[in-house]
Asks: 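Right, I'll just put the structure down here and ask away after.
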Amino acid sequence: MSGFSRLQRDVQPGLIDPGYKSTSLRGPKSPLIRIPHRLGETGGPRFGAGWVGAQDADLTRNGRCNGEPLGERIIVTGRVLDEYGRPVRDRMVEVWQANAAGRYVHKSDQHDAPLDPNFRGSGRCVTDGEGRYRFLTIKPGAYPWRNHPNAWRPNHIHFSLFGQGFASRLVTQMYFPGDPLLQLDPIHNSVPVDARELLIARFDIEATEPEWALAYQFDIVLRGPDATPMEA
Amino acid sequence: MSNRLRQTPSQTLGPFFAYGLTARQYGYDFDQLADGRIARDDTPGLRVRVAGQIFDGAGSPIEDAMVEVWQADADGHYPDAAAFDDHNAFHGFGRCGTGADPACRFVFDTIKPGGHDGQAPHLNVILTMRGLLLHLFTRIYFADEAAANEADPVLALVPQARRDTLIARLVEPGLYRFDIRMQGDDETVFFDV
Ligand SMILES: [Fe+2]
């Protein structure tokens, strides 16, 4: 079996980024050692439809305590594809995010903004036969962080995907169109300028539910089994 | 290359992943796909614990990293899709955050994998954390497999002086220690897979 397509370095961030301070002590400095395809691991965990519960993809319900979560209800949907445009079917998508006030449930989040007793902010879903996933959630708020004076993260949703094998793993963040914080955000700006748009969802009136929720499309492209002959 | 789609860029895991990805381990009210217990009670093989810390370039242990392991069974076979149809089967996959342990350790309770395809027994590792914009791949080999390690074609790609960073030390029978160093003279070897 041939291996996975390689990482496209021209769209990916670097390991040490001067704007994002925490990378300075955490990004390795030695060059990565390339494992040829014939020696690489081609399998990977296969969490499929049997691994999601009924409300896992509905973040407006899966954290309820005594009522509905506050904030703007939204639909986040899209397709997961490989680089050749083939759908990535029956594969796990995990998400987590802040609530409408910009506060995470996480115990170490110290931001002075209210928790919502009816919103946890995490969920998962599995792609369908066309690679499509769909979450119902609350639009996350912006929140401050300590990277530099008056630093704020743009609204975002964290994504974690496995794809078709060990090499296709992706951890990323989805942003919203028109957010004025994007151009100020060192994490978003760690991506080469031409590729930054790939992380911004598209507002999609077609995918909205009238009288209920607006919708955003966020398509995701993962490394996939390589269609070209095996590299040396 | 020309008509390929562009990959979605990677972004950092951030510090607040726990209630999404490792909820049970951190005591949040949500389940998680996998934790540090990779071997089931009935999984055949030699029981081992592999634990360690992750150090940043200043030598401080990292408290907001997540380590994932993908491994073969004791016979050297990786679990296939059918194994994942059964929630209680051996899946060869583990996930552990470092923030739930007072010493910021990751801990995996598993079985020692068999060799596979002429390669020495090893755990495939995905490492991600706040402050890392792209996750990293490394491997954990076992110190008491010296002959197999000597013949391993992936270790052979690594300069001799750095190979030790990929080998878990046997602390006592059944317990291996594997520390990861993000930077410095003994920076762990990371792979482009
Ligand atoms: Fe975040």
Side-chain angles (χ1 to χ4, degrees), chain A residues 4 6-8 11-15 17 20 22-30 32-35 39-41 43-48 50-51 81 83-85 92 94-96 104-106 108-109 120-122 158 160 166-167 169-173 187 190-191 195 198-199 220-223, chain B residues 4-21 23 26 28-30 33-34 56-58 62 68 70 78-81 83-85 87 91-93 99 117 119 124 126 128-136 153-154 157-158 162 182-183 187-193:
Chain A
F4 276 70
R6 293 283 174 180
L7 204 62
Q8 293 171 3
V11 306
Q12 299 291 348
L15 288 166
D17 186 280
Y20 179 18
S22 299
T23 63
S24 67
L25 288 175
R26 294 185 170 197
K29 294 181 172 173
S30 302
L32 305 183
I33 293 179
R34 174 169 283 206
I35 298 181
L39 299 176
E41 178 43 36
R46 292 282 296 266
F47 296 103
W51 290 83
L81 305 170
E83 285 165 56
Y84 302 94
M92 182 63 62
E94 297 170 278
V95 295
W96 67 104
Y104 285 92
V105 166
H106 196 288
S108 65
D109 183 0
R120 187 184 61 236
S122 55
H158 293 266
S160 161
F166 185 71
R169 187 97 174 80
L170 177 69
V171 175
T172 191
Q173 301 181 25
I187 294 178
S190 68
V191 172
L198 299 172
L199 292 176
I220 296 170
V221 178
L222 302 179
R223 297 169 61 190
Chain B
R4 285 196 200 178
L5 300 174
R6 288 184 294 170
Q7 293 167 0
T8 302
S10 172
Q11 295 272 267
T12 180
L13 181 74
F16 303 134
F17 60 86
Y19 67 93
L21 301 182
Y26 284 67
Y28 294 101
D29 183 23
F30 188 39
L33 297 175
D56 70 14
I62 293 176
E68 291 176 332
W70 170 242
Y78 284 88
D80 58 11
F84 285 83
D85 291 341
H87 282 228
H91 300 126
F93 180 72
D117 243 0
Q119 300 188 23
N124 303 286
I126 289 177
T128 179
M129 64 182 77
R130 175 178 67 83
L132 202 56
L133 287 158
L134 271 168
H135 61 263
L136 292 166
V154 172
L157 300 168
V158 178
R162 299 189 68 203
M182 303 309 297
Q183 297 178 350
E187 181 182 305
T188 298
V189 167
F190 299 106
F191 293 106
D192 174 6
V193 307

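Letters A, B, ... are given to chains in the order of the sequence lines, protein chains preceding strands, and every chain is numbered from 1. Everything quoted here is computed from the prediction, not taken from an experiment.
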Asks: Using atom types as modelled and distance alone, determine if a side-chain donor or acceptor of B:H87 lies under 3.5 Å from a backbone N or O of A:G50.
Replies: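 Confirmed, B:H87 side chain pairs with A:G50 backbone.
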Asks: Among A:R169, A:R223, A:Q173, which residue has the highest count of heavy-atom pairs closer than 4.5 Å to chain B?
Replies: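 The candidate making the most pairs under 4.5 Å is A:R169.
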Asks: For a quick test of reading the model, state the closest non-hydrogen atom pair linking A:V171 to B:H135 and the distance between them.
Replies: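 For A:V171 versus B:H135, the nearest heavy atoms are N-ND1, 4.4 Å.
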Asks: With A:V221, which residues qualify under side chain to side chain contact (heavy atoms under 4.5 Å, CB included), at least two apart?
Replies: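 Expected list: A:E83, B:L5, B:T8.
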Asks: Using 30° and 60° as the class limits, which term best fits the ring planes of B:Y28 and A:H106: parallel, tilted or perpendicular?
Replies: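 Ring orientation of B:Y28 relative to A:H106: tilted.
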Asks: Quick check against the 3.5 Å criterion: does B:Q119 have a side-chain atom that pairs as donor or acceptor with the backbone of A:L39?
Replies: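 Between the backbone of A:L39 and the side chain of B:Q119 there is a qualifying donor-acceptor contact (under 3.5 Å).
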Asks: Looking at B:E187 and A:K29, would you say the former's side chain and the latter's main chain have a donor-acceptor pair under 3.5 Å?
Replies: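 Such a contact is found between B:E187 side chain and A:K29 backbone.
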Asks: Which pair of heavy atoms, one from A:E41 and one from B:W70, lies closest together, and at what distance?
Replies: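 Of all heavy-atom pairs spanning A:E41 and B:W70, the closest is OE2-NE1, 3.2 Å.
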Asks: Which atom names give the shortest non-hydrogen contact between B:S10 and A:P13, and what distance separates them?
Replies: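 Minimum heavy-atom separation between B:S10 and A:P13: O-CG, 3.3 Å.
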Asks: Measure the shortest side-chain to side-chain distance between B:L132 and A:P28 over non-hydrogen atoms and say whether it is less than 4.5 angstrom.
Replies: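 Yes, close enough: below the 4.5 Å cut-off.
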Asks: As an exercise, state the distance from CG of B:L133 to CZ of A:R26, rounded to the nearest 0.5 Å.
Replies: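 If we round to the nearest 0.5 Å, B:L133:CG and A:R26:CZ are 12.0 Å apart.
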Asks: Using a 4.5 angstrom heavy-atom cutoff, name the option from A:L15, A:V105, A:V191 with the most pairs to chain B.
Replies: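 Top count of heavy-atom pairs under 4.5 Å with chain B: A:V105.
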Asks: Highest number of heavy-atom pairs under 4.5 Å with chain B: which of A:L198, A:I33, A:D17?
Replies: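 Between A:L198, A:I33, A:D17, the count favours A:I33.
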Asks: Taking A:R6 for its side chain and B:D192 for its backbone only, find out whether a donor-acceptor pair lies under 3.5 Å.
Replies: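 Yes; judged by distance alone, with no hydrogens or angles, the pair exists.
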Asks: Using a cut-off of under 4.5 Å for heavy-atom pairs, which of B:R6, B:E68, B:M182 has the most such pairs with chain A?
Replies: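 When all of B:R6, B:E68, B:M182 are compared, B:R6 has the most.
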Asks: Sort out for me which of A:G40, A:G44, A:G14, A:A195 touches chain B most, counting heavy-atom pairs under 4.5 Å.
Replies: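 When all of A:G40, A:G44, A:G14, A:A195 are compared, A:G44 has the most.
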Asks: Kindly give the heavy-atom pair with the smallest separation between A:L170 and B:P9, and that separation in Å.
Replies: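 Smallest interatomic distance, heavy atoms only, reads CD1-O, 4.1 Å.
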Asks: Go through the atoms of A:T23 and report whether side chain, backbone, both or neither lie under 4.5 Å from a heavy atom of chain B.
Replies: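 For A:T23, backbone and side chain are both near chain B.
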Asks: Relative to B:F30, does A:R120 satisfy both conditions: NZ or CZ under 6.0 angstrom from the six-membered ring centre, and within 45 degrees of the ring's axis?
Replies: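 Flagged: A:R120 positioned over aromatic ring of B:F30.
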Asks: Taking all non-hydrogen atoms of both residues, which atom of B:G131 and which atom of A:S22 are closest, and how far apart?
Replies: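 Closest pair (atom of B:G131, atom of A:S22, distance): CA-CB, 3.7 Å.
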Asks: Inspect the surroundings of CG in B:D29 and state if more than 12 heavy atoms from other residues, nucleotides or ligands are less than 6.0 Å away.
Replies: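 No, the 6.0 Å shell around CG holds no more than 12 heavy atoms from other groups.
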Asks: For B:F84 and A:W51, work out which heavy atoms get closest and say how close.
Replies: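 It is O-NE1, 2.8 Å.
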Asks: With a 4.5 angstrom heavy-atom cut-off, is it the side chain or the backbone of B:F190 that approaches chain A, or both, or neither?
Replies: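 When you check distances to chain A, atoms from both the backbone and side chain of B:F190 fall under 4.5 Å.
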Asks: Which region of B:Y19, side chain (C-beta onward) or backbone (N, CA, C, O), has a non-hydrogen atom less than 4.5 Å from a non-hydrogen atom of chain A, or is it both or neither?
Replies: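 Answer is both: backbone and side chain atoms of B:Y19 are under 4.5 Å from chain A.
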Asks: For B:Q11 and A:H158, indicate whether the former's side chain and the latter's backbone hold a donor-acceptor pair under 3.5 Å.
Replies: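 Not at all, since once roles are kept as given, no pair shorter than 3.5 Å links the two residues.
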Asks: A:L32 versus B:F191: any side-chain heavy-atom pair under 4.5 Å?
Replies: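 The answer is no, as the side chains (C-beta and beyond) never meet within the 4.5 Å cut-off.
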Asks: Tell me, do A:S30 and B:V189 make a side-chain contact under 4.5 Å, heavy atoms counted?
Replies: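 Contact flag for A:S30/B:V189 side chains = no.
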Asks: Shorter than 4.5 Å, heavy atoms on both sides: which option in B:I126, B:T128, B:V154 has the most such pairs with chain A?
Replies: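 Looking at each of B:I126, B:T128, B:V154 in turn, B:I126 comes out on top.
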Asks: Going by the angle between their ring planes, with limits at 30° and 60°, are B:F16 and A:Y104 parallel, tilted or perpendicular?
Replies: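 The arrangement is tilted - the two ring planes meet at 30° to 60°.
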Asks: Just by distance, do the side chain of B:Q7 and the backbone of A:V11 share a donor-acceptor pair under 3.5 Å?
Replies: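 No.
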Asks: Using a 4.5 Å cut-off on heavy atoms from C-beta on, say whether the side chain of B:T12 contacts that of A:Y20.
Replies: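 Yes, at least one pair of side-chain atoms sits under 4.5 Å.
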Asks: To the nearest 0.5 Å, what is the distance between CG (B:L134) and OG1 (A:T172)?
Replies: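 The OG1 atom of A:T172 is 9.5 Å from CG of B:L134, to the nearest 0.5 Å.
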Asks: Might you work through the side chain to side chain contact (heavy atoms under 4.5 Å, CB included) test for A:Y84 and B:R4, ending with a clear yes or no?
Replies: CA-CA 5 Å; A:Y84 302 94; B:R4 285 196 200 178; 2.9 Å; yes
Asks: Passes side chain to side chain contact (heavy atoms under 4.5 Å, CB included), B:Q183 versus A:L25? Steps please.
Replies: CA-CA 7 Å; B:Q183 297 178 350; A:L25 288 175; 4.1 Å; yes
Asks: Look up atom CG in B:L21 and atom CH2 in A:W96, then write down how far apart they are to the nearest 0.5 Å.
Replies: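 Reported value, rounded in 0.5 Å steps: 4.0 Å.
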